[in-house]
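Each chain gets a letter, A, B and so on, in the order its sequence line appears, and its residues count up from 1.
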Amino acid sequence: MPELPEVETSRRGIDQHLCGNTVAETRIRQRMLRWPVSEQIISGLAGQTITHTGRRGKYLLLFTGLGCVIIHLGMSGSVRIVDSSQPAGKHDHADFVMSDGAILRYHDPRRFGCLLWADLPVEQHSLLRSLGPEPLTDDFNGCYLFERSRGRKVPVKSFVMDSHVVVGVGNIYANEALFMAGIRPQTLAGKLSARRYSLLVQCIRQVISHAITVGGTTLRDFVGGDGKPGYFQQSLLVYGRAGKPCKTCANTLIEIRQNQRSSVYCPQCQD
DNA sequence: AAATCTCCCTGTAGGC
DNA sequence: TGCCTACAGGGAGATT
């Protein structure tokens, strides 16, 4: 599934094909995604030139002089550059046909993603306005996370997965980072010390940085055509390993559910 | 304000 | 083999 590293790698992969290029036509085959595809994308994008691309959290951004296309990949979405010889398949919901013939193709089986138009500045769009810091920038640090957590009674896992606190930490990363930091996912956010938040921030940065490195590799295969598997899975320490031995202490990993989401942890290594 | 719940959707895995 | 059900998950929006 597209995590922040894959969104960033997608952006880098499509950027050179789009920048300075003009949209000739949009073809929307399925307009019911998470929200209906914006009318401005369906009928008002042709003729506009894409000046640059960007990313905020897991939102991919395509800028023109008049506004910005906001793309979210949900959990099954992808974008790739194709040419007109490649026929649209099932779940290829949208094509952005560029004036040089390149096509940005949006694919999303589960339709949890979106294609929206926003006025500038896009940071003021309701979807982006209240997002927390990027996990790899300096404003995401131990002090920040500690301060934000004071008085919070949610489990720390829910806390770090809240995009208003920090963006890009999905279920997989949250599980992995908490294991690396030796913190149980159900520990209340408000109860953890500044020291432990400092360690947690380091672990979140590390797991996401690593996934970016590996995610890039995945994406190259992905964009290249055959889609699959993703080397990041090979690095998983706890996620998807419930019932298996902890790689540190060999104790059996336990699975619990927190707000309809699975958490896996080691009762020996995490407290 | 903060916490909790619901829902959007389809491919896949597991049970029979 | 094939059918059926449960489940996975990002995250906004509604509800408590």
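Each end of the helix from B:dA2-C:dT16 to B:dC16-C:dG2 gets its own rotation axis from five pairs of C1' atoms, and the angle between them is 50° to the nearest 10 degrees.
As a whole-Å value, the separation of A:Arg152 CZ from B:dA1 C1' is 9 Å. Per the geometry, CD belonging to A:Gln258 stands 13 Å off P belonging to B:dC5, to the nearest Å. A:Leu33 places its CG atom 11 Å from the P atom of B:dT10, with the value rounded to the nearest Å.
A:Phe96 and A:Ile42 end up in the same hydrophobic cluster when Ile, Leu, Val, Met, Phe, Trp and Tyr side chains are linked at under 4.5 Å. Linking Ile, Leu, Val, Met, Phe, Trp and Tyr residues whenever their side-chain heavy atoms come within less than 4.5 Å leaves A:Met161 and A:Val207 in two separate clusters.
Not one N or O on the side chain of A:Asn175 forms a donor-acceptor pair closer than 3.5 Å with the backbone of A:Ile172.
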How would nucleotides 9-15 of chain C be written as a contact map, 5' to 3', with B for base contact, S for sugar-phosphate-only contact and - for no contact, using protein heavy atoms under 4.0 Å? BBBB---
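Separation of atoms CD (A:Gln30) and CZ (A:Arg111) is listed at 4.0 Å; rounding is to 0.5 Å. The structure places CZ of A:Phe63 at 7.0 Å from CG of A:Leu120, a figure rounded to the nearest 0.5 Å.
A:Leu73 is listed as a side-chain neighbour of A:Tyr106, based on a closest heavy-atom distance under 4.5 Å.
Judged as a salt bridge (charged side-chain N to carboxylate O under 4.0 Å, His left out), and not counting sequence neighbours, the contacts of A:Arg56 are A:Glu134.
With salt bridges taken as basic N to acidic carboxylate O contacts below 4.0 Å, none links A:Asp271 and A:Arg184.
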